[in-house]
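Order of listing sets the numbers, starting from 1, for every ligand and every atom in it. Values in this document were obtained by computation on a predicted structure and should not be read as measured data.
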Amino acid sequence: MNIVLLGAPGAGKGTQAQFLTDHYHLKLVGTGDMFRKAVTDKTELGAKAHVYMQAGKLVPDELVFGIIQDNLTHGDWEKGLLFDGFPRTVLQAQELDRIVGTKGAKIDKVIFMSVPREMLIQRLTNRRTCHSCRRIFGSDAREIKDCPVCGGSLFQRGDDTAVTVSKRLKEYECKTQPVLDHYGSKVVHIDGSLTIDEVTKKLISSIE
Ligand code: AMP
């Protein structure tokens, strides 16, 4: 089963993707994390991507295709894939259809998590990530310094500042929202403003 999670930055895709990949034993394909790793590893691709990420812009499609190809060529497809943060443009969606087609597969589910703009801004500017276990903590995480799960230190992503968040949301509206039309009636809509557990339940019932 191959699933695409769509939604604006801050819709909760990353949090739910962690849960869904464990639950259904899927391989997670998260382009945001791939680019952040490339930045940390100081690769040439990472250096190029970093410029766009810090500016709140989408990384150009050709760089995205490079990182996706690397990942899917060497990856394990057996149980299926879960895409978080990809595709983000119509061209990327077309490329994804082509790549899965070459394996004789298709995208089985496209789930769109909708969240009001004000809530997205609030979530993004407050959220923190754990350096050690990479878990993401929402709304009231501003007040916590250490990860409540593993004790690792929490940090704020460089692109979660108010100015960059508003640029990311503009990019999303211009370039990623049209991806919904690409998938048309295949898209299942879920209210992403509910609690994490409620959203998880809705995702599971839309998948099963
Ligand atoms: P995310 O963690 O998914 O919010 O991604 C963080 C940043 O990485 C985005 O704001 C983009 O700059 C870049 N990025 C991640 N995935 C993509 C993609 N599929 N297309 C273009 N840029 C991406």
Q. Going by the atom numbers of ligand 1, which of them fall below 4.0 Å from some non-hydrogen atom of Q92?
A. 18 (C), 19 (N), 20 (N), 21 (C)
Q.
Students should be able to answer this: which protein heavy-atom is nearest to atom 16 (N) of ligand 1, and at what distance?
A. T31 OG1, 2.8 Å
Q | ligand 1 to D159 polar contact by distance, N or O atoms, under 3.5 Å | A | no
**Q.** Under 3.5 Å: N/O of G85 near N/O of ligand 1
**A.** yes
Q | Shortest non-hydrogen contact between V149 and R135, atoms and distance | A | CG1-NH1, 3.3 Å
Q. Applying a 4.0 Å heavy-atom criterion (strictly less than), which segment of V59 is in contact with ligand 1: side chain, backbone, both, or neither?
A. both
Q: Looking only at non-hydrogen atoms, find the nearest pair between D191 and S193 and report the distance.
A: OD1-OG, 2.6 Å
Q.
If I compare all heavy atoms of R117 with all of E173, which pair ends up nearest, and what's the gap?
A. NE-OE2, 3.1 Å
Q) Does ligand 1 have any atom that is closer than 4.0 Å to a heavy atom of R36? A) yes
Q. Do E44 and K48 pass the salt bridge (Lys or Arg N to Asp or Glu O under 4.0 Å) test, and can you show the C-alpha distance, the side-chain angles, and the key distance before you say yes or no?
A. CA-CA 6 Å; E44 200 184 326; K48 286 183 187 159; 3.7 Å; yes
**Q.** Part of M34 with heavy atoms under 4.0 Å of ligand 1, whether side chain, backbone, both or neither
**A.** neither
Q. Of the non-hydrogen atoms in G152 and C130, which two are nearest, and what is the gap between them?
A. CA-SG, 3.9 Å
Q: Within a distance under 4.0 Å of any heavy atom of R168, pick out the atoms of ligand 1 and give their elements.
A: 4 (O), 10 (O)
Q. With Q92, which residues qualify under side-chain hydrogen bond (donor to acceptor under 3.5 Å, both in side chains), at least two apart?
A. D61
Q) Does ligand 1 have an atom that lies less than 4.0 angstrom from a heavy atom of R157? A) yes
(Q) Quick test of your reading of the structure: of K13, K167, R88, whose heavy atom lies closest to atom 15 (C) of ligand 1? (A) R88
Q: Before signing off on this row, confirm whether D33 and ligand 1 have an N or O atom pair separated by under 3.5 Å.
A: no
Q. Taking only heavy atoms of K57, which atoms of ligand 1 are found under 4.0 Å from at least one of them?
A. 11 (C), 12 (O)
Q. G32 heavy atoms, cut-off 4.0 Å: which ligand 1 atoms fall inside?
A. 1 (P), 2 (O), 3 (O), 5 (O), 15 (C), 16 (N)
Q: Answer yes if M1 and M113 sit in the same cluster of Ile, Leu, Val, Met, Phe, Trp and Tyr residues linked by side chain heavy atoms under 4.5 Å apart, and no otherwise.
A: yes
Q. If you look at every heavy atom in G151 and D146, which pair is closest and at what distance?
A. O-CB, 3.9 Å
Q. Using 4.0 Å as the upper bound for N to carboxylate O, is an ion pair formed by K201 and E198?
A. no
